[in-house]
Every structure is written in structure tokens, then in C-alpha cells.
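Worksheet: the structure to be examined is printed underneath.
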Amino acid sequence: MGALLFIGAWVLLGVAVLFIAMSGGPRGAREALYSQRKGPRRATAIAVTVVFAVMGIAVPAAVIAGNEDDDEAGRARIELTASQERGRELFGEVCQQCHTLAAANAVGRVGTNLDTLKPPKSLVLDAILKGRVRGAGTMPAGLYTGKDAEDVADFVAAVAGRQ
Ligand code: HEC
């Protein structure tokens, strides 16, 4: 889409050059510019303005719009339920300090990489409620309880290793 508009801009530039050439070539254009005849002069000015408008506004706008499309496509890959969405927020408040999970933009290195582990919901819930003391670090017990713990576990199980 961005590329298409970029090509379009060059086509327009070509048309503008053609337009100037047809109205008497560079010399004709120059004569028109310096003569008192306002018509061709104004037409040239309009053509130049249009070309600059397309190059200066439409092309960057198209590139930005194109990037936004890519972004949305990346995020829309996993549909989250309301609980999982809530779990994602809770995960961002606590768990991301220690764990890596791409879907939550988390890059912590203290605990297990959850994208690699791909834990089922029951394992995540167990880890949240009981904590973990193993390997190099410690995960405190009861970081979340009840529905909070459920939502976080639901979210992690749904997205781990999938982005
Ligand atoms: C203070 C750091 C820290 C925080 C905060 C933390 N964890 Fe952990 N987590 C760890 C460590 C350390 C381990 C154990 C790594 C090991 O096995 O050596 C672990 C292990 C895990 C495991 C794997 C359990 C297993 O049996 O393999 C899961 C799943 C997990 N954490 C989920 C979470 C979730 C969800 C949260 C947020 C509620 C969270 N962690 C918050 C440090 C943390």
C-alpha cells in the first residue's frame, strides 16, 4: 500500500513534467513564467504544489498507516477473553519482573522463560499459589490468589510460546 502510493507519486511527477513539456518545454515554461500571461504560470505552480503535497504528506502518511496495519496484525493473532485480558494486566504488574513472555512484552530473566516452558494452566496456578524455590532464584508464594491467580494462569496458558 505504501509502495503503491510511492509509485503513484512518481507517476504524478512524470505527469507534471509531461505537462510542462507540452506547454512548450523548459524554455516555454520559462517564457510562460516570465511573461505576463498568468494562465500557464498558475497552472505550473498548481502542478508543482500538487506534486509536493503528494510527496510530502501522502507518502509519509501511507507509510505510517502501513506500519499501523502491521502492528495490529501482530496483536490480533491471539484473541483474549475478558479474564485473560485482566490476567495480562496483572502479569504486567508482577510476573514480568522475573519472567520472559513475549505476549506480555516481558523479558525478565530471574525465573523460567514461559514461552519455552509453555506451562498448562494448572502448573501456572500451582506456581502462583505455592511459589517456587529452585535453581538460581525464588518465586514467592501467593503473589496472587483467588480469581486474580486464575486469570493470570488462564492468560499465561493461552499465550505462552505463541508469539
Ligand atoms: C521474584 C521473581 C519472580 C516473580 C515476581 C514471579 N516468578 Fe515465577 N518463577 C520464579 C523463579 C525463580 C522460578 C523457578 C525457576 C526454576 O525452576 O529454577 C519461577 C517459576 C515459575 C513457573 C514454572 C513453575 C515450574 O514448576 O516449572 C511459572 C509457571 C511461573 N513461575 C509463573 C509466574 C507467574 C504467573 C508470576 C506472576 C504471578 C510469577 N511467576 C512471578 C521467579 C519469579
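Both counts, for ligands and for their atoms, begin at 1 and track the order of listing. Side chains are part of it too, since the values below use all heavy atoms of this structure and drop only hydrogens, waters and symmetry mates. If you read the sequence from its start, that first residue is 1, and numbering goes on from there.
- When atom types are taken as modelled, the side chain of His99 and the backbone of Gly108 share no donor-acceptor pair closer than 3.5 angstrom.
- In summary, the atoms of ligand 1 found under 4.0 Å from a heavy atom of Val124, numbered by their order in the structure, are 29 (C), 35 (C).
- In this structure, the separation between CZ on Arg88 and CG on Asn105 is 8.0 Å, given to the nearest 0.5 Å.
- Contact atoms of ligand 1 toward Leu123: 26 (O) (distance under 4.0 Å to a heavy atom of the residue).
- With a 4.0 Å cut-off on non-hydrogen atoms, Gln97 does not touch ligand 1 at all.
- Every atom of ligand 1 with a heavy atom of Val152 under 4.0 Å away is listed here by number and element: 35 (C).
- Near Leu114, meaning under 4.0 Å from any of its heavy atoms, are these atoms of ligand 1: 28 (C), 29 (C).
- To the nearest 0.5 Å, atoms CZ (Arg86) and CZ (Phe155) are separated by 13.5 Å.
- Here His99 meets the criterion, with an N, O or S atom under 2.8 Å of atom 8 (Fe) of ligand 1.
- Nearest residue to atom 22 (C) of ligand 1 from Gly131, Ala127, Ala157 is Ala127 (criterion: closest heavy atom).
- Within ligand 1, the atoms closer than 4.0 Å to a non-hydrogen atom of Leu117 are 23 (C), 27 (O), numbered from 1 in the order shown.
- Partners of Asn113 by side-chain hydrogen bond (donor to acceptor under 3.5 Å, both in side chains), not counting sequence neighbours, listed by chain and number: Thr116.
- By heavy-atom distance, the residue among Cys98, Ala160, Gly111 lying nearest atom 4 (C) of ligand 1 is Cys98.
- One distance of note links CD of Glu85 with CD of Glu79; it measures 10.5 Å at 0.5 Å rounding.
- Judged by distance alone, the side chain of Tyr144 and the main-chain N or O of Val152 form no donor-acceptor pair under 3.5 Å.
- A distance of 10.5 Å separates CG of Asp151 from CG of Leu125, quoted to the nearest 0.5 Å.
- One of the N, O or S atoms belonging to Met139 lies under 2.8 Å away from atom 8 (Fe) of ligand 1.
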